[in-house]
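These notes are about the structure you will find just below.
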Amino acid sequence: MAVLSKPVDGPEFGLSPIPVIDISDPESKNALVKACEEFGFFKVINHGVSSELVSVLEHEAVEFFSLPTSLKTQVEGYPFGYGNTEIGRNGDVGWVEYLLMNANLDFSSHPFLPGHLKNSETFRNALLGYTTLVRKMTCDVLEMINDGLGINPRNTFSKLVSGENTDSIFRLNHYPPCPLINTNTNGGNNVIGFGEHTDPQIISVLRSNNTSGLQINLADGSWISVPSDPSSFFFNVGDSLQVLTNGRFKSVKHRVLANSMKSRVSMIYFAGPSLTQRIFPLTCLIDNEDESLYEEFTWSEYKNAAYNSRLSDNRLQPFERK
Ligand code: GA4
């Protein structure tokens, strides 16, 4: 695997500024909006997703990644399937192996795991159970955001990601301990697990084991580490939600640094709209057409452009209004 020479910051110390949102309290709607505006990122607690289901899925994921490479690579295809080191098709690499799959509502029928893999039925059921609950939680959070912004109807955002034809993705990442890390005097490291990027979809929901590594980019350009918390979910605003809110919400740049000692396992649900969905700034969030910062596009157009880009590219720039 390649070692990237780019020097990166060390871990942060002190209290984390990352907003923590209790979604069992409807009053959190304003804090949610503020978090999307200031960070494009927040941590959700009191979410009601069963920790048992999460543990079963994590266990199945760990089992899968511990299989011999010859078995893992049988889960093939693009963009879905098993991948190791290579991210996307345009030359990006990281210290990571992963399993990418379609998470649309009909994905129970998606035969992405070869039947002969040990436990494939348990794995499939855990995936289905987890994505169903996380999709529901995502819709609840989007409806609270909707309320916080004072938009009608309540399901303006959630309906984009809850229909039959939505294009959602689920990703399991495994970052093995990395022996190549040179710990520098600041305690930082120089190996990238997953390079800096924004997510093209509407919103992404991440949960990881107890190993840190995720960092987000703040408005002033600095990177801060996100302390791991296996019992919470981390949400980040995607490019499409930035456009829908006419730039009021920020699609946050994030990355993952490799760890020299511990494995990191993360599971991410990327909530996307249907391929034909038109994406443009909501008229209720702008006073007149002239204020629109973006050209309209369909999710299919944006997705194609994204999959032809490099990870760190500014994918929204070509859609900005001149
Ligand atoms: C980032 C968000 C999701 O992980 C992902 C990624 C996709 C991939 O891994 O194949 C991309 C990346 C992501 C954006 C730019 C392109 C496509 C890798 C890459 C270089 C699954 C997605 O939808 O877009």
Side-chain angles (χ1 to χ4, degrees), residues 1-14 16 18 39-41 43 58 61-69 72-73 75 79 81-100 169 171-200 204 206-218 220-230 234 236 251-268 270 306-307 309-315:
M1 290 194 197
V3 182
L4 306 179
S5 56
K6 189 176 163 204
V8 294
D9 301 338
E12 301 292 317
F13 298 98
S16 172
I18 290 161
F39 293 86
F41 191 86
K43 165 166 142 174
E58 182 172 314
V62 169
E63 291 273 293
F64 174 80
F65 288 121
S66 65
L67 289 171
T69 306
K72 290 186 282 192
T73 50
V75 189
Y82 172 76
N84 192 337
T85 323
E86 291 173 8
I87 298 167
R89 272 184 159 167
N90 305 310
D92 289 290
V93 291
W95 187 263
V96 64
E97 59 174 340
Y98 57 85
L99 197 51
L100 256 186
I169 293 181
R171 169 168 219 135
L172 291 168
N173 286 326
H174 173 223
Y175 301 91
C178 179
L180 304 169
I181 292 175
N182 296 315
T183 304
N184 64 32
T185 44
N186 300 321
N189 78 54
N190 60 349
V191 181
I192 299 283
F194 206 112
E196 64 179 78
H197 67 285
T198 60
D199 293 342
S204 314
L206 175 143
R207 183 263 165 202
S208 80
N209 68 351
N210 214 357
T211 304
S212 59
L214 178 64
Q215 295 192 323
I216 59 166
N217 197 223
L218 300 185
D220 67 3
S222 63
W223 289 94
I224 56 162
S225 297
V226 178
S228 60
D229 180 353
F234 294 92
N236 64 270
S251 175
V252 65
K253 231 193 260 172
H254 52 288
R255 68 184 182 190
V256 176
L257 303 187
N259 188 297
S260 62
M261 308 289 284
K262 290 165 71 190
S263 267
R264 174 177 163 92
V265 177
S266 62
M267 31 188 92
I268 309 138
F270 301 94
Y307 277 70
S309 67
R310 294 291 299 259
L311 202 51
S312 65
D313 285 351
N314 179 348
R315 280 175 278 280

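For the single chain, residues carry numbers from 1 onward in sequence order.
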Are side-chain heavy atoms of W223 and L257 found at a separation under 4.5 Å? no
Locate the shortest heavy-atom distance separating C178 from V191; write the atom from each residue and the value. SG-CG1, 3.8 Å
Under the criterion side-chain contact (heavy atoms from CB on, under 4.5 Å), I'd like the reasoning laid out for V256 against V96: C-alpha separation, chi angles, the key distance, then a yes or no. CA-CA 10 Å; V256 176; V96 64; over 6 Å; no
Working to the nearest 0.5 Å, report the span between OG of S225 and CD1 of I18. 8.5 Å
Please confirm whether the backbone N or O of V265 pairs with a side-chain atom of N209, one donor and one acceptor, at under 3.5 Å? yes
What are the two closest heavy atoms between F234 and K43, and how far apart are they? CE2-CD, 3.5 Å
My understanding is that only residues two or more places apart in sequence, or in another chain, count here; which of them pass side chain to side chain donor-acceptor pair (under 3.5 Å) with N210? S228
R171 to Y98, cation-pi by 6.0 Å centre distance and 45° axis angle: yes
H197 pairs by side chain to side chain donor-acceptor pair (under 3.5 Å) with which of R310, R255, R315, H254? H254
Rounded distance (nearest 0.5 Å) linking atom CZ of F194 with atom CD1 of I268: 7.0 Å
Between N236 and V252, the two heavy atoms sitting closest are CB-CG1, 3.6 Å
Under the ring-ring contact (aromatic ring centres under 6.0 Å, His included) test, residues paired with H174 that sit two or more places apart: F65
Rounded at 0.5 Å granularity, tell me how far CG in N217 sits from CD in E196. 7.0 Å
Looking at Y175, is its backbone amide N or carbonyl O close enough to the side chain of R264 to form a donor-acceptor pair, meaning the two atoms are under 3.5 Å apart? no
Rounded to the nearest 0.5 Å, what separation is found between the CG atom of L99 and the CG atom of N84? 12.0 Å
Rounded to the nearest 0.5 Å, what's the gap from CD on E97 to OH on Y82? Could you check? 3.5 Å
Ignoring hydrogens and angles, state whether a donor on the side chain of D199 or S204 is under 3.5 Å from an acceptor on the partner side chain. yes
If every non-hydrogen atom of Y307 is compared with every non-hydrogen atom of P79, which pair is closest and at what distance? CE2-CB, 3.9 Å
Measure the CG-CD1 distance between L218 and I224 for me, rounded to the nearest 0.5 Å. 4.5 Å
